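Heavy-atom basis, side chains included; hydrogens, waters and symmetry copies ignored. Along the sequence shown, residues carry numbers from 1. Keep in mind the model is a prediction, meaning the values are calculated, not measured.
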Amino acid sequence: MHHSQRKKPLAYILSALGATIFLNLAPTYLPLAQAQSQGTPLPRMGDGADITTNDERRIGDSIARQLYRDPDYLDDPVVHSYVMGIWYPLKETSEQRGELSPELNERFAWEVLLGRDRSINAFALPGGFLGVHLGLVSAVATRDELASVLAHELSHVTQRHISRLIAQDKRSTPLMIGSMILGALAATKSPDAGMAMMMGGQALAVQNQLNFSRDMEREADRVGYSLMAPAGFAPAGFASMFERLQQANRINDNGSWPYLRSHPLTTERMADMQARTQMLGQAAAAKPPTMEHTMVSSRARVLTRPGPDALRQWAALPASSGFAQQSPAQQAGALYAAIFGLLQLRDLSAAEAMLPTLQALTQSDAAAQRQTLWLAAELALARNQPQLALQRLEQLPPAPAAPHHNPEDERATLLLRAQATSMLRRSGDVAATLQTWVSEHLHDAAAWQALARASRETGQPLRALRAEAEAFVAQYDYAAAVDRFKAGQQLAQRSGAQADHFEASIIDTRLREVQSLLREQTSQR
């Protein structure tokens with residue numbers, strides 16, 4: 001069965017849990033302009049105080065563990081960097097405006113997980129996890145439209161919508177959540193069985209609470225909209241995204257727009273966003289697509305595995321008669337899709353031949369140039385030219401200064417450098433940088449894996465085992481992490497006086513901590 005077909009039950013149920021089953025609590029509103037002028041956080045319908053943040057985080061950890069194990073989970077540093085470059089400013093603005101409380105900020109994960117699914121969808125989960133399908137990244141026309149979706153989902157979390165769901169009916173909700181997790185697992189093997197398991201536990205709860213979802217959707221719209229301009233995005237992205245969804249809603253449902261099912265459009269919601277945009281006038285005006293956006297959108301489209309025929313069609317676009325009439329942004333997107341598609345087809349010579357055209361087109365746009373050089377480095381690595389990959393990474397333009405600096409840009413470069421230096425047997429060149437990175441980004445499994453490889457290649461097997469364990473911890477697979485930590489203990493014992501006693505001590509401490517987490521995780525099943 002096709003990936004997108006297999007994943008529809010999981011995507012739909014996760015979306016339903018994360019965003020659309022809400023409580024019947026009457027909202028109280030302050031006028032938006034008044035609230036903003038007074039510096040007052042926008043009012044909330046309730047704070048979900050009956051469910052602790054620790055409880056909500058534990059539920060989210062359990063679900064995230066399954067998502068990390070799903071075959072369609074994807075950690076693509078380039079797309080992830082772009083999404084996080086939107087997510088970070090929205091989250092920081094939410095903190096500054098008081099929508100995101102210090103407690104939630106400290107206790108929740110704030111992790112964004114990408115899925116290969118080509119359907120247009122995003123969903124919030126308990127504990128501050130956000131799922132984004134590549135289909136959404138490839139479908140939105142501008143950075144601002146993607147920001148509107150992320151702002152909406154962020155607001156579901158900061159307004160404690162999910163905890164209100166759990167608090168509303170304590171008898172049925174644990175069954176619903178348990179059914180969802182079991183159903184998600186079953187759906188990876190049998191979609192029909194997965195749907196039956198999920199719906200059996202959720203039908204009653206969904207029916208009882210769907211009547212209350214519109215208030216929550218309006219609140220997420222309202223709070224999310226208020227984040228856009230302060231975070232550096234055009235609020236018109238909300239209105240144009242609604243128009244895009246409405247247009248798709250007119251088309252017969254073919255399963256590619258689950259976001260419409262989990263976030264039903266209403267005339268009132270659309271009119272509210274359009275009215276707010278008109279009130280702000282030029283300050284809310286839409287911005288044209290950037291080169292960077294069209295390039296990342298093209299990458300997301302290719303990563304959904306469209307098939308060789310589609311890849312060949314995209315590879316032929318730059319040579320088509322209409323290419324010259326396209327805008328520079330459209331040309332950049334088409335060239336990127338062609339080169340990246342040829343890379344997937346392993347037609348590396350053709351991809352390399354097309355690269356100079358993209359480099360010339362993007363040389364005056366720093367963000368687009370960064371995308372081009374990352375792609376050029378990937379191409380060099382695929383051609384077994386690691387030294388050329390490093391040279392191309394050295395040409396990256398300086399990172400933007402704060403507040404627009406995105407640390408995920410450093411991650412994409414670091415992981416590519418780690419791959420190149422490993423091919424050159426020079427992992428020591430990047431090991432220290434990786435160690436610094438993971439100390440500040442504990443949940444970066446890919447960076448931990450790169451550190452494990454670098455440590456092994458530089459003759460530090462104990463550090464390599466610890467890094468392997470930490471990679472499993474980052475994805476909430478505590479059983480596998482315990483196994484790796486124990487392997488580290490055994491190696492330290494065999495090595496005797498030759499062992500790295502500092503690493504051995506860290507492994508002993510971390511083993512006890514993760515064993516405790518494993519016991520807690522096991523008790524919740």
Enquirer: Can you confirm whether or not the ring centre of Y82 sits under 6.0 Å from the ring centre of H293?
Expert: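 Ring centres of H293 and Y82 closer than 6.0 Å.
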Enquirer: For the side chain of Q371 and the backbone of E292, is there at least one donor-acceptor N/O pair under 3.5 Å apart?
Expert: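 No, because the side chain of Q371 does not come within donor-acceptor range (under 3.5 Å) of the backbone of E292.
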Enquirer: Go through the side-chain N and O atoms of S62 and R58 and say whether any donor and acceptor fall under 3.5 Å apart.
Expert: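 On atom types as modelled, these side chains do not qualify, holding no pair under 3.5 Å.
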Enquirer: Taking R116 for its side chain and D72 for its backbone only, find out whether a donor-acceptor pair lies under 3.5 Å.
Expert: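 Looks like no, no N/O pair under 3.5 Å.
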Enquirer: When rounded to the nearest 0.5 angstrom, what distance separates NE2 in H156 from CE in M216?
Expert: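 H156 atom NE2 to M216 atom CE measures 9.5 Å (nearest 0.5 Å).
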Enquirer: List in chain and number order the residues that pass side chain to side chain donor-acceptor pair (under 3.5 Å) with R370, two or more places apart in sequence or in another chain; answer none if no residue qualifies.
Expert: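 In terms of side chain to side chain donor-acceptor pair (under 3.5 Å), with neighbours along the sequence ignored, R370 is linked to D409.
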Enquirer: Side chains of T372 and T362: is there a donor and an acceptor less than 3.5 Å apart?
Expert: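 Per modelled atom types, T372 and T362 side chains form a pair under 3.5 Å.
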Enquirer: What's the shortest heavy-atom distance between Q331 and A324, and which atoms?
Expert: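 Closest pair (atom of Q331, atom of A324, distance): NE2-O, 3.6 Å.
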Enquirer: I need the minimum non-hydrogen distance between P328 and L361, along with the two atoms involved.
Expert: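 Here P328 and L361 meet closest at O-CD2, 3.7 Å.
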Enquirer: Charged N to carboxylate O below 4.0 Å: is that the case for R305 and D117?
Expert: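 So R305 does not pair with D117 through a salt bridge.
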Enquirer: Taking W110 for its side chain and N105 for its backbone only, find out whether a donor-acceptor pair lies under 3.5 Å.
Expert: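 Indeed, once roles are kept as given, a pair shorter than 3.5 Å links the two residues.
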Enquirer: Atom CE in M228, atom CZ in F233: separation rounded to 0.5 Å?
Expert: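 Reported to 0.5 Å precision, the distance equals 7.0 Å.
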Enquirer: For a 4.5 angstrom cut-off between non-hydrogen side-chain atoms, does L125 reach L130?
Expert: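 Side-chain contact under 4.5 Å: no.
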Enquirer: Show your reasoning for whether side chain to side chain donor-acceptor pair (under 3.5 Å) applies to T53 and E103.
Expert: CA-CA 8 Å; T53 53; E103 182 188 13; 3.1 Å; yes
Enquirer: Got a sec: does the CD of E440 have more than 12 other heavy atoms crowding it under 6.0 Å?
Expert: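 Atom CD in E440 is packed in, count exceeds 12.
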Enquirer: What pairs meet the salt bridge (Lys or Arg N to Asp or Glu O under 4.0 Å) rule with one or both residues in residues 126-142, with sequence neighbours excluded?
Expert: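 As it turns out, there is no salt bridge (Lys or Arg N to Asp or Glu O under 4.0 Å) pair with a partner in residues 126-142 once direct neighbours are skipped.
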Enquirer: Which of parallel (below 30°), tilted (30 to 60°) and perpendicular (above 60°) describes Y68 and Y73?
Expert: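 Ring orientation of Y68 relative to Y73: perpendicular.
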Enquirer: Starting at CG of L100, measure out to CG of L154 and round the result to the nearest 0.5 Å.
Expert: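 Output value for this atom pair is 7.0 Å.
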Enquirer: Kindly give the heavy-atom pair with the smallest separation between P306 and V302, and that separation in Å.
Expert: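 Heavy atoms of P306 and V302 come nearest at CD-O, 3.2 Å.
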Enquirer: Mind checking whether Y336 and F340 have parallel, tilted or perpendicular rings, split at 30° and 60°?
Expert: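 Because their plane-to-plane angle lies in the 30° to 60° range, the rings of Y336 and F340 count as tilted.
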Enquirer: Is any side-chain heavy atom of L393 less than 4.5 Å from a side-chain heavy atom of W374?
Expert: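 Sidechains of W374 and L393: in contact.
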Enquirer: Nearest heavy-atom pair of I59 and P126: which atoms, and what distance?
Expert: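 That would be CG2-CG, 3.8 Å.
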Enquirer: Do any N or O atoms from the side chain of S320 and from the backbone of A316 form a donor-acceptor pair under 3.5 angstrom?
Expert: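 Not at all, since once roles are kept as given, no pair shorter than 3.5 Å links the two residues.
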Enquirer: Between Q330 (side chain) and S327 (backbone), is there a donor-acceptor pair under 3.5 Å?
Expert: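 Yes; judged by distance alone, with no hydrogens or angles, the pair exists.
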Enquirer: What heavy-atom pair brings A122 and L136 nearest, and what distance separates the two atoms?
Expert: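 For A122 versus L136, the nearest heavy atoms are CB-CD2, 3.8 Å.
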Enquirer: Please check this pair: side chain of H152 against backbone of R222, looking for a donor-acceptor N/O pair closer than 3.5 Å.
Expert: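 Looks like no, no N/O pair under 3.5 Å.
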Enquirer: For the side chain of T294 and the backbone of A329, is there at least one donor-acceptor N/O pair under 3.5 Å apart?
Expert: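 Answer holds: yes.
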Enquirer: Evaluate the criterion side chain to side chain donor-acceptor pair (under 3.5 Å) for residue pair Q395 and Q369; output intermediate values, then yes/no.
Expert: CA-CA 9 Å; Q395 298 170 23; Q369 187 182 19; over 6 Å; no
Enquirer: Is there a donor-acceptor pair under 3.5 Å between the side chain of S155 and the backbone N or O of G224?
Expert: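 Between the backbone of G224 and the side chain of S155 there is a qualifying donor-acceptor contact (under 3.5 Å).
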Enquirer: Could you tell me which residues satisfy salt bridge (Lys or Arg N to Asp or Glu O under 4.0 Å) with E92, sequence neighbours excluded, listed by chain and number?
Expert: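 E92 satisfies salt bridge (Lys or Arg N to Asp or Glu O under 4.0 Å) with no residue once adjacent residues are dropped.
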Enquirer: Quick one: does P89's side chain get under 4.5 Å of N406's, heavy atoms only?
Expert: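 With C-beta onward as the side chain, the pair stays apart.
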Enquirer: Decide, yes or no, whether a salt bridge links E56 with R160 under the criterion of side-chain N to carboxylate O below 4.0 Å.
Expert: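 So E56 pairs with R160 through a salt bridge.
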Enquirer: Compare all side-chain heavy atoms of L375 with those of L358 and state whether any distance is below 4.5 angstrom.
Expert: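 Yes, at least one pair of side-chain atoms sits under 4.5 Å.
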Enquirer: Check for a donor-acceptor pair, side chain of D61 on one end and backbone N or O of Y476 on the other, with a separation under 3.5 Å.
Expert: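 No.
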Enquirer: Side chain to side chain contact (heavy atoms under 4.5 Å, CB included) with V137: which of V296, V149, I120?
Expert: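 It is V296; the other options fail the test.
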Enquirer: Is it true that a side-chain atom of S148 and a backbone atom of E145 form a donor plus acceptor pair closer than 3.5 Å?
Expert: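 Yes, because the side chain of S148 sits within donor-acceptor range (under 3.5 Å) of the backbone of E145.
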Enquirer: Less than 4.0 angstrom from a charged side-chain N to a carboxylate O is my criterion; do R299 and E378 meet it?
Expert: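 So R299 pairs with E378 through a salt bridge.
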Enquirer: Contact between L379 and L342 at the side-chain level, heavy atoms closer than 4.5 Å - yes or no?
Expert: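 A side-chain contact under 4.5 Å is absent here.
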Enquirer: Can you measure from CG (D444) to CD (E111) and round to the nearest 0.5 angstrom?
Expert: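 CD of E111 is found 10.0 Å from CG of D444.
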Enquirer: Identify the heavy atoms of S297 and S138 that sit nearest to each other, and give their distance.
Expert: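 For S297 and S138, the tightest heavy-atom pair comes out as OG-O, 2.9 Å.
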Enquirer: Determine whether D75 and R411 satisfy the following criterion, salt bridge (Lys or Arg N to Asp or Glu O under 4.0 Å), listing intermediate values before the conclusion.
Expert: CA-CA 12 Å; D75 182 5; R411 177 179 186 258; 2.6 Å; yes
Enquirer: Less than 4.5 Å apart, side chain to side chain, heavy atoms only: is that true for H80 and E408?
Expert: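 Contact flag for H80/E408 side chains = yes.
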